[in-house]
Amino acid sequence: MKTSEMLESLAANLWWSWNPEVLGLFQQLNPEVYQSSGHAPVATLRAALPAVLEDASFKKQVKAVYEAFETYMNTPGKYAKAPRTSYFCMEYGLHESLPTYSGGLGILAGDHAKATSDLGIPFTGIGLFLKEGYFRQHFDANGWQQDDHPQLDPSQHPLYVVRNDDGSPVTATVTIGHQPVHLKAWRLDVGKTRLFLLDADLESNPPELRMLTHKLYQGGNELRLKQEIILGIGGVRMLRALGIETDVYHMNEGHCAFLTLELLRERMDLGERVTDAEAWVRERSVFTTHTPVPAGHDRFWSGRLLHDLASFRSDLGFSEGELMDYGRVESHEDMFTMTVLGLKMSRQANGVSALNGEVARDQWKAMFPDRSVDDVPIAHITNGVHVSTWAVPTARAFLEERLGDWKTNLLDPGFWAKLSEVSDEELWQYRTTLRKQLLDFIAARMPTQTLHVDLDLDPEALTIGFARRFATYKRAPLLFHDVERAAQLFADTDRPVQIIYAGKAHPADEGGKRFIQRIYEMSQHEAFRGKVVFLENYNIEVGRMLVSGCDVWLNNPRRPMEASGTSGQKIAVHGGLNVSILDGWWPEGYDGTNGWPIGNGTSFDDVQVQDDTDALALYNVLQHQVIPTFYRRTTDGLPVDWVARMRSAMMSLTRQFSALRMVSNYIDEMYAAPAPEVIG
Ligand SMILES: *Cc1c(COP(=O)(O)O)cnc(C)c1O
């Protein structure tokens with residue numbers, strides 16, 4: 001095989017998104033285009049410099065990487081005989097070059113898809129082709145967020161329209177109101193797993209419908225409903241058009257729950273009675289809920305829902321009330337709730353952390369009036385992260401050299417126990433190297449940053465990170481709740497502290513934008529200047545650098561609103577320590593030795609009281625625990641207590657909060673489980 005052919009095959013599969021050796025090849029092909037394309041292999045290959053392609057040592061590297069890829073693709077996974085699963089999710093976050101996501105839900109779905117490939121389960125993902133999914137963030141002179149929406153050009157990415165033998169696109173059609181909307185599918189190969197992203201941008205659709213699938217969570221409820229009809233109903237129809245057989249339908253969040261109604265329609269179309277058809281659908285559907293607050297669930301007003309599903313309802317032969325009943329708890333409700341549909345029509349349901357499961361059981365207990373809250377049939381599978389995606393090259397080399405084959409043994413606790421043989425000096429060296437790499441990365445980004453910052457970062461100082469969506473419940477500026485108290489923490493020149501923030505506010509979220517502006521203002525305050533830094537345009541690359549370089553990962557959401565949170569899980573492999581409210585995954589992760597809690601896990605009804613209490617707890621843990629432990633040194637300059645915590649975190653958290661563990665749980669407890677009890 002020719003070198004160029006091997007490169008074509010490598011570029012065509014997102015295996016590169018968790019194998020930096022592959023990306024390294026493309027970077028050599030044309031470093032400038034690699035950079036300007038946002039690390040896109042296909043774009044870089046199109047602009048390859050011929051001299052590199054002819055270089056003998058380069059050819060050898062390509063061959064070695066290609067062989068590793070072939071081996072990966074041809075090795076049947078442990079779960080090759082698992083049920084064939086089709087997974088539906090609005091968004092997928094896979095790599096910084098593909099903005100087909102909007103936030104944590106998408107990142108989770110991307111990590112889930114990659115782990116299914118590693119485990120070799122027959123798995124297909126269905127989503128939307130979000131051409132303008134992840135906006136680019138910049139700022140005006142007052143620190144007020146601006147957004148622009150660059151368009152994804154599929155020709156620069158491994159995205160291929162699925163076509164019939166005659167070259168025409170394979171299509172599926174949904175009817176919105178009485179208007180047919182045609183859909184095509186873009187295929188994206190993620191290792192052994194295939195994703196199909198639905199796109200309404202076809203000439204056969206009227207212009208106003210062609211944009212339907214381009215943007216996420218914008219344009220209000222009206223657009224959202226149409227997108228969800230496309231995802232759920234269109235997704236099932238596309239699976240049929242593609243000839244993909246499915247044993248289990250996994251709904252990741254309520255957005256896609258209309259898929260169950262389409263399955264119902266298919267069964268009734270075959271002549272089945274509605275009760276039998278419902279039982280058939282439930283036996284094959286599982287549902288994951290992520291949303292701890294009632295207001296966060298998708299709900300549609302009956303007038304709108306019945307309008308947009310008018311033709312579909314007549315296909316089902318349902319009255320208006322019969323259709324509405326699938327999405328409401330009480331028959332007088334005038335809103336259709338997607339989570340209710342998902343719960344009613346699935347055989348099993350789960351939240352995404354133990355606490356989130358508990359919150360969900362309480363939230364939906366009205367659906368199960370005969371049961372006590374503990375018996376509400378919503379279990380939990382705690383989220384995890386795809387370690388190969390988030391571990392930076394320095395971390396990969398460290399694991400390889402000190403522990404061995406980390407990719408194969410990731411789920412083996414005995415493997416991580418080998419960390420006890422690594423010396424304190426070496427672990428501290430690892431941490432110091434990663435912190436320095438982050439500071440270099442930040443400095444290199446400054447010339448393109450529009451938000452003004454003064455940088456005065458110290459490569460030896462305690463470095464705290466906070467990066468996530470700026471949803472207001474996450475309370476990004478909590479550290480500045482009491483500016484004087486915060487200033488005291490930063491005033492000690494013998495024990496310097498610095499903090500890096502990053503994150504985007506939803507373009508319509510004024511509160512979130514005010515939070516960014518507040519941090520910007522603090523970064524200009526004399527007590528914090530140079531030490532409080534807002535790094536703009538958070539994305540997967542910025543995220544990877546921050547989770548690798550920070551000593552401490554700060555998370556202070558208003559409990560219990562963080563369903564799981566995953567960014568803190570990404571730091572474990574890098575020896576970072578979580579300092580977090582006991583919300584989401586952290587009550588399961590924290591064991592007394594591997595990080596710190598903020599407060600003791602209480603929730604308050606009064607948000608003011610909760611903010612005051614949590615801010616105080618945050619100051620106390622930083623002042624009395626975190627900062628002293630970091631700066632307590634032996635005569636050799638080693639922070640031995642800190643290193644002990646690092647070791648404990650790496651050993652206890654990396655495996656348990658990995659996507660491989662998570663997806664194994666989904667296979668064992670959800671996909672392969674014989675339906676233990678039917679919810680509905
Ligand atoms: C991990 C990650 C998230 C999710 O972080 P949370 O802690 O769950 O809020 C969002 N965006 C990016 C780019 C990430 O890498």
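Each ligand, and each atom within it, is numbered from 1 in the order the structure gives. Every value quoted in this text rests on a predicted model; they were computed, and no experiment measured them.
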If we set the cut-off at 4.0 Å for heavy atoms, which region of [X] has an atom near ligand 1: side chain, backbone, both, or neither?
X: Arg469; value: neither
X: Trp390; value: side chain
X: Thr566; value: both
X: Val547; value: neither

Is any N or O atom of Tyr101, backbone or side chain, closer than 3.5 Å to an N or O atom of ligand 1?
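Among all N and O atoms of Tyr101, none is under 3.5 Å from an N or O of ligand 1.
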Lys474-ligand 1 polar pair, N/O distance under 3.5 Å:
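Min N/O separation from ligand 1 is below 3.5 Å for Lys474.
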Classify the ring geometry of [X] against [Y]: parallel below 30°, tilted from 30° to 60°, perpendicular beyond 60°.
X: Tyr72; Y: Trp15; answer: tilted
X: Phe534; Y: Phe470; answer: perpendicular
X: His250; Y: Tyr671; answer: perpendicular
X: Tyr87; Y: Phe123; answer: tilted

Which residue and heavy atom of the protein sit nearest [atom], plus the separation:
atom: atom 12 (C) of ligand 1; result: Tyr538 OH, 3.2 Å
atom: atom 3 (C) of ligand 1; result: Lys570 NZ, 3.8 Å
atom: atom 7 (O) of ligand 1; result: Ser567 OG, 2.6 Å

For ligand 1, which atoms, with element, lie under 4.0 Å from some heavy atom of Asn539?
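Contacts of ligand 1 toward Asn539, numbered from 1: 13 (C).
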Can you list the ligand 1 atoms lying under 4.0 Å from a non-hydrogen atom of Arg468?
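Near Arg468, meaning under 4.0 Å from one of its heavy atoms, ligand 1 has 7 (O), 9 (O).
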Indicate whether any N or O donor in one side chain lies under 3.5 Å from an N or O acceptor in the other, for His481 and Asp612.
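Yes, because at least one side-chain N or O of His481 sits under 3.5 Å from a partner of the opposite role on Asp612.
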Between Trp585 and Asn383, is any side-chain donor less than 3.5 angstrom from a side-chain acceptor?
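Per modelled atom types, Trp585 and Asn383 side chains form no pair under 3.5 Å.
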Set out, in order, the CA-CA distance, both residues' side-chain angles and the distance that settles salt bridge (Lys or Arg N to Asp or Glu O under 4.0 Å) for Asp611 and Arg558, then state yes or no.
CA-CA 8 Å; Asp611 292 356; Arg558 200 171 277 141; 2.9 Å; yes
Check whether any side-chain N or O of Lys513 sits under 3.5 Å from a backbone N or O of Pro507 as a donor-acceptor pair, and report yes or no.
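Between the backbone of Pro507 and the side chain of Lys513 there is a qualifying donor-acceptor contact (under 3.5 Å).
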Applying a strict 4.0 Å limit to heavy atoms, is Arg544 in contact with ligand 1?
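No heavy atom of Arg544 comes that close to ligand 1.
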Would Gly543 count as a contact of ligand 1 if the rule is a heavy atom under 4.0 Å away?
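Outside the 4.0 Å threshold, so no.
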Close side-chain approach of Thr289 and Glu253, heavy atoms under 4.5 Å:
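Yes; the side chains approach each other to less than 4.5 Å.
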